[in-house]
Amino acid sequence: MRGNAPQYRLETPRTLADALAKLRAEPGRWRAFAGGTDLMVLLEAGQLKHADYLSLHRIDELKGLVREPSGAWVLGALTTYAEVLEHPELARTFPNLAAAARETGAWAIQNRGTLGGNLANASPAADSVPALLAYDAELELRSASGARWVPHAQFHTGYKTTVLKPDELIARIRLPAAGGNRFHFFRKVGTRRFQSISKVCLAARADLRGGRVIDARLAWGAVGPVTLRSAHLERSLAGLSAADLGDAKRRSALLSALAAEITPQSDVRSTRAYRLKVSENLLGEFLDGLVAFAAGKGGA
Amino acid sequence: MSGAFPVKCTVKCTVNGAAQELQGHPMERLLDSLRDTGLTGTKEGCGEGECGACTILMDGEPVNSCLVPLAQAEGAELCTVEGLPARAGRKVSEDRAALHPVQACFVSEGGAQCGICTPGMLVAATALLERNAEPTDAEVREALAGNLCRCTGYMKIVNSVMAAAREMRAGGNRAAPPEAGR
């Protein structure tokens with residue numbers, strides 16, 4: 001079968017200014033086309049509703065990875081999963097992002113799929129998105145009239161919706177450096193390790209100082225209409241030591257608090273009950289890892 | 001739908017070492033553009049980037065050609081399964097012996113069954129061995145994780161890649177045409 005290519009327009013602006021001018025001149029007409037790993041699937045399935053696209057692949061301003069003196073990393077929106085994996089220092093600093101990149105699709109998808117595309121596509125089952133969310137990513141949105149930085153936590157507004165205006169593109173993603181000894185946890189659960197879409201995904205991190213959690217993030221995929229953080233649980237973790245975390249009562253309270261923070265649904269990939277149970281298991285795994293980390297290196 | 005249907009475009013690229021102009025709609029799948037030139041070695045399996053049968057090399061990197069729109073191939077260096085022998089320095093000919101070592105080992109180790117997944121497997125395996133001359137079993141399996149075979153298990157496929165790796169490391173030339181009279 002073939003998608004009906006003649007029904008669609010795909011233009012290739014050579015510069016960011018050209019792309020932004022086009023978006024500004026005809027608001028809503030053009031949409032961004034990055035790696036195409038989702039849009040081409042919809043095209044082939046006859047489900048690609050929007051007609052006119054700007055292919056961003058020639059725009060150098062949207063490429064490249066830079067480490068700032070502060071230790072923060074700034075990634076062009078067109079950074080592919082493969083490029084994430086090609087930067088050992090980035091992968092060491094943000095291992096959840098590397099883990100997500102490695103388990104998104106497989107090699108051929110990782111060569112095409114982009115972080116900006118994963119964000120803009122706004123699927124709740126995206127894998128790089130929880131990883132970015134847990135690292136407090138900030139997104140630079142560019143339009144013909146300038147740039148604004150938006151916290152990732154405010155970017156997704158609902159199922160497949162974002163704050164991106166019709167004349168804006170995601171240009172860059174900024175990942176701030178860690179604020180303490182950082183424990184990282186990433187686990188994607190799907191039908192198989194590679195080439196499957198998540199049933200549940202947890203990207204989490206906890207920063208420790210003096211043996212106590214000073215700041216934690218738990219970002220979930222595929223358990224709600226958007227990739228989401230469990231903010232109440234994050235706050236509950238703050239101030240806890242390895243001993244606190246190891247306390248059985250405290251642990252079971254944390255686990256039972258999870259159900260109020262996620263809203264998994266039954267769909268083609270899994271059921272609500274399975275997702276809830278697996279989410280609880282992933283939280284348990286995260287807590288086990290955190291206790292071990294806090295008792296060891298993080299306790300220093 | 002806004003305006004008239006977009007006209008076809010001409011995309012200049014390199015296909016299996018030769019400069020080529022591919023004609024088609026910008027959103028057309030590279031898979032279709034390539035097959036339309038007669039390079040039907042690249043197969044369509046699922047058409048949604050899951051099975052890897054349409055894997056080709058784009059600037060040396062494996063990609064699913066069903067997910068790449070023609071417009072994005074502008075200026076790219078493409079290699080399909082038909083280009084593998086030349087990639088290994090083999091003379092492209094009708095001679096079955098003129099194969100890339102990966103192809104030769106799929107033959108000798110029984111790595112192909114129905115053959116639909118085979119071109120994608122060969123291309124992805126070649127890309128792996130160009131980067132990693134001595135892969136572990138796990139590395140081969142991860143590199144081929146996006147290539148699905150529905151005939152059989154993956155044992156013979158993995159064995160074929162491992163055999164090719166050994167042969168390429170040894171500089172062995174079993175795949176080359178045998179000399180006359182031997």
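Because the structure is a prediction, the values reported are computed rather than measured. Chain naming here is simple, since letters A, B, ... match the order of the sequence lines and numbering starts at 1 in each.
- A donor-acceptor contact shorter than 3.5 Å is absent between the side chain of A:Arg9 and the backbone of B:Met27.
- In A:Lys160, the NZ atom is crowded: over 12 heavy atoms of neighbouring residues, nucleotides or ligands sit closer than 6.0 Å.
- Heavy atoms of B:Ala124 lying under 4.5 Å from chain A belong exclusively to its backbone.
- When B:Leu128, B:Thr55, B:Ile56 are compared by the number of non-hydrogen pairs under 4.5 Å with chain A, B:Leu128 comes out ahead.
- In terms of heavy atoms, A:Ala106 sits closest to B:Ala145 at CB-C, 4.0 Å.
- For A:Lys63, the NZ atom is densely surrounded, since the number of other residues' heavy atoms within 6.0 Å is greater than 12.
- Expressed to the nearest 0.5 Å, how far CD of A:Gln195 lies from CD of B:Glu50 amounts to 5.5 Å.
- For a residue to count as touching a neighbouring chain, one of its non-hydrogen atoms must lie under 4.5 Å from one of that chain's; by this rule A:Tyr53 touches chain B with the side chain only.
- Contacts from residues 66-75 of chain B to chain A, taken as heavy-atom pairs separated by less than 4.5 Å, involve B:Cys66, B:Leu67, B:Val68, B:Pro69, B:Ala71, B:Gln72, B:Glu74 in sequence order.
- B:Glu48 contributes no side-chain N or O that, together with a main-chain N or O of A:Val41, makes up a donor-acceptor pair within less than 3.5 Å.
- For residues 107-115 of chain A, a heavy-atom distance under 4.5 Å to chain B picks out A:Trp107, A:Ala108, A:Ile109, A:Asn111, A:Arg112, given by residue number.
- Contact annotation for B:Leu31: neither backbone nor side-chain heavy atoms come within less than 4.5 Å of a heavy atom of chain A.
- Of the listed residues (B:Ala127, B:Gly52, B:Cys51), the one with the most heavy-atom contacts under 4.5 Å to chain A is B:Ala127.
- Between B:Arg141 and A:Arg193, every side-chain heavy-atom pair lies at or beyond the 4.5 Å cut-off.
- Of the listed residues A:Glu11, A:Arg192, A:His50, A:Arg58, the one with more heavy-atom pairs under 4.5 angstrom with chain B than any other is A:Arg192.
- When side chains are defined from C-beta on, A:Arg102 counts as touching B:Glu142, because their heavy atoms get closer than 4.5 Å.
- Within the 4.5 angstrom heavy-atom criterion, atoms from both the backbone and the side chain of A:Thr37 approach chain B.
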